[in-house]
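Everything quoted here is computed from the prediction, not taken from an experiment.
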Amino acid sequence: MRKAKIIWERTGVLIGHDQISALCDLWGTSNPDEFMEKLNSMSDQELKEWLEKLKKKRNALNNYLQAEEKIYA
């Protein structure tokens, strides 16, 4: 919850555990300390840009899954 709170305070974007895990994958961090180092090393604008990338990836995945559901429905 601490990571989500920090991101929300810096960007106004509320994210959950799944999105934090996805950021870990995108950033290549493997533990909480690495994640916090990466988070603290970037500006608020850079963080917002990463969150936009994450949103676009999530939307692309959702669109793909919806298309697959239609094919196999």
Suppose we screen for side chain to side chain contact (heavy atoms under 4.5 Å, CB included). Which residues come up paired with [X], at least two apart in sequence or across chains?
X: K53; result: W50
X: E52; result: K55, K56
X: E9; result: K5
X: S21; result: H17

message: I'd like to check the salt bridge (charged side-chain N to carboxylate O under 4.0 Å, His left out) partners of E46; sequence neighbours left out, ordered by chain and number.
response: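 Scan of E46 (salt bridge (charged side-chain N to carboxylate O under 4.0 Å, His left out), adjacent residues dropped) gives none.
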
query: Which distance, rounded to the nearest 0.5 Å, do you find between the CG of L39 and the CD of E37?
result: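 If I round to the nearest 0.5 Å, the distance is 11.0 Å.
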
query: So how far is it from I7 CD1 to I15 CD1, rounded to the nearest 0.5 Å?
result: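 One gets 3.5 Å once the value is rounded to the nearest 0.5 Å.
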
query: Where do K3 and I20 come nearest, in terms of heavy atoms and distance?
result: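 Heavy atoms only, the tightest pair is CB-CD1, 3.8 Å.
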
Could you list the donor-acceptor pairs under 3.5 angstrom formed by side chains in residues 22-29, with sequence neighbours left out?
none

query: Does W8 sit in a hydrophobic cluster with other residues, and if so which ones, taking ILVMFWY side chains as linked at heavy-atom separations under 4.5 Å, directly or through other members?
result: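 Members alongside W8: L14.
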
- prompt: Under the side chain to side chain donor-acceptor pair (under 3.5 Å) test, which residues partner D44, sequence neighbours left out?
  reply: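 By the side chain to side chain donor-acceptor pair (under 3.5 Å) rule, D44 matches R10.
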
message: Once side chain to side chain donor-acceptor pair (under 3.5 Å) is applied, do any residues pair with S30, and if so which ones, sequence neighbours excluded?
response: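 Once residues adjacent in sequence are excluded, the partners of S30 under the side chain to side chain donor-acceptor pair (under 3.5 Å) criterion are E34.
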
- prompt: Please walk me through it: do L54 and Q19 pass side chain to side chain contact (heavy atoms under 4.5 Å, CB included)?
  reply: CA-CA 8 Å; L54 181 64; Q19 290 88 9; 3.8 Å; yes

